[in-house]
Amino acid sequence: MKIELIELVEVRLPLVRPFRTSCGTDTARHTFLLRVVTDAAEGWAEFGGDPGPVYSPEFAAGAERVLLDHLVPRVTALHRPSAARIAEALSPVKGHHMAKALLETAILDAECRAHAMPLAAYLGAVRDRVPAGVSVGITDTIADLLTSVSGYLEEGYVRIKLKIEPGWDLEPVRAVRHEFGDGLVLQADANTAYSLADAEHLRRLDAFGLVQIEQPLDEDDLRGHAELAKVLRTPICLDESIRSARDAATAIALGACRIVNVKPSRVGGYLEARRIHDVCAAHGIPVWCGGMLETGIGRAQNLALAALPGFVLPNDISASSRYYAEDLTEPFELDDGCLRVPDGPGSGVTVLPAALRRHTVSTRALYAR
Ligand code: OSB
Ligand code: MG
């Protein structure tokens, strides 16, 4: 495969409702896509980060810079670029997993398309539908939260995740549990908003039968999570802390988590994501696929990953309508609480040119042969 063109497409899609977390409030997904054109096929990927370094240290303008100056030249210098060789070619560059993930993913998509191979089959999928959860942002009032959760449950989502932060934790969790009963599969995500000094407070969440509490402490604080795990009955899941399969192995060995949220962008792509899946499976640790409010482009690829056997918990992969009035691909729809894993070549979805045009802010070539 020869690379002819690498193009960056900056997009901005308004969210159907604002999404508030302990990191801030988003009213739109403002990110960029990478389109790689090869002599055999075209491939797409979606940057997982935001305009600012608030969830991850990476951010869109920084990722563009590092792609242009340091990553793209290393890939285009390869004699025969293939997804399996990208990570090694990029290894002299420290960090920047989200930027690296883009290149590997777009090339993997193109490669799979060139071989008429679905990404899901390439990764080792064992199912054609995956259970869909929904991540519910912080709202102004408890009444707003109950309305929102009730709407999602009517649509058929099989699991609810509540974003929490100090001042918005026990009360919303208690209210949702009380309103919807013990049968509701419920969990919370703190996005690093607490410290170990809050351990006694967080312990009060044990009363509400949460499946897990996601990333209560700082991303660097594996030891803190291991200490917290000793006092919480609720299983700890790590999101931000897990940037590689080695991180996952370390966290498991330290007792810092009993569940792992796998986000392909955060860990440098789908190949490392699959290694995390494998490490966790070997330790009996359940995993699920996290999300970054992806458009249909990133979501299709996440669905392929979530079809692997160790993804035994519902994922943060919701229908298009939960995020956007108009998606960049054919909309994903909920079917009995699940989303279908695309089975066409590559990610199995096509980018709709008119929708893409409507949501494009700017376009620039990062490489042209
Ligand atoms: O922590 O899981 C998170 C979105 C942006 C940044 C961080 C997170 C999230 C979500 C959204 O929870 C999940 C989704 O894409 O549906
Ligand atoms: Mg999270």
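- Trp44 and Glu42 share a donor-acceptor pair across their side chains, judged by distance under 3.5 Å alone.
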Give the intermediate values and the outcome of salt bridge (charged side-chain N to carboxylate O under 4.0 Å, His left out) for residues Arg203 and Glu200. CA-CA 5 Å; Arg203 194 144 81 109; Glu200 278 309 308; 3.2 Å; yes
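- Contact between Ala40 and Met1 at its shortest, heavy atoms only, is CB-CG, 4.1 Å.
- Annotation: cation-pi pair Arg20/Trp168 absent, no NZ/CZ under 6.0 Å from the ring centroid and within 45° of its normal.
- Put simply, the side chain of Asp39 gets close to the backbone of Lys2: a donor and an acceptor are under 3.5 Å apart.
- Closest approach of Tyr270 to Glu104, counting heavy atoms only: N-OE2, 3.6 Å.
- Salt bridge status for Glu294 with Arg29: absent, with no side-chain N to carboxylate O gap under 4.0 Å.
- Atom CZ of Arg65 has 12 or fewer heavy atoms from other residues, nucleotides or ligands within 6.0 Å.
- Side-chain atoms of Lys100 come within 3.5 Å of backbone N or O of Val93 as a donor-acceptor pair.
- Each of Gln212, Gln187, Glu214 was evaluated against Lys161; a single residue qualifies, Glu214, per the side chain to side chain donor-acceptor pair (under 3.5 Å) test.
- From Asp26, atom CG reaches atom OG1 of Thr21 across 7.0 Å, with rounding to the nearest 0.5 Å.
- Two residues are said to be in side-chain contact when any heavy atoms from C-beta on lie closer than 4.5 Å; Leu205 and Leu170 meet this criterion.
- Judged purely by atom type and a 3.5 angstrom limit, Thr234 has no side-chain atom pairing as donor or acceptor with the backbone of Ile213.
- The 12-atom threshold is not exceeded at CG of Asp336, counting heavy atoms of other residues, nucleotides or ligands nearer than 6.0 Å.
- A donor-acceptor pair under 3.5 Å is absent between the side-chain atoms of Asp335 and the main chain of Cys338, judged by distance alone.
- Between the side chain of Arg177 and the backbone N or O of Leu184 there is at least one donor-acceptor pair closer than 3.5 Å.
- The pair Glu333-Arg340 does not count as a salt bridge, with every side-chain nitrogen at least 4.0 angstrom from each carboxylate oxygen.
- Between Asp239 and Arg266, at least one side-chain N (NZ, or NE/NH1/NH2) sits under 4.0 Å from a carboxylate O, which counts as a salt bridge.
- Defined by atom type and a distance below 3.5 Å, a donor-acceptor pair is present between the side-chain atoms of Gln215 and Ser241.
- Between the Glu171 side chain and the Ile142 main chain, no donor and acceptor come within less than 3.5 Å of each other.
- Taking the six-membered ring for Trp and thresholds of 30 and 60 degrees, Tyr152 and Tyr157 have ring planes more than 60 degrees apart, a perpendicular arrangement.
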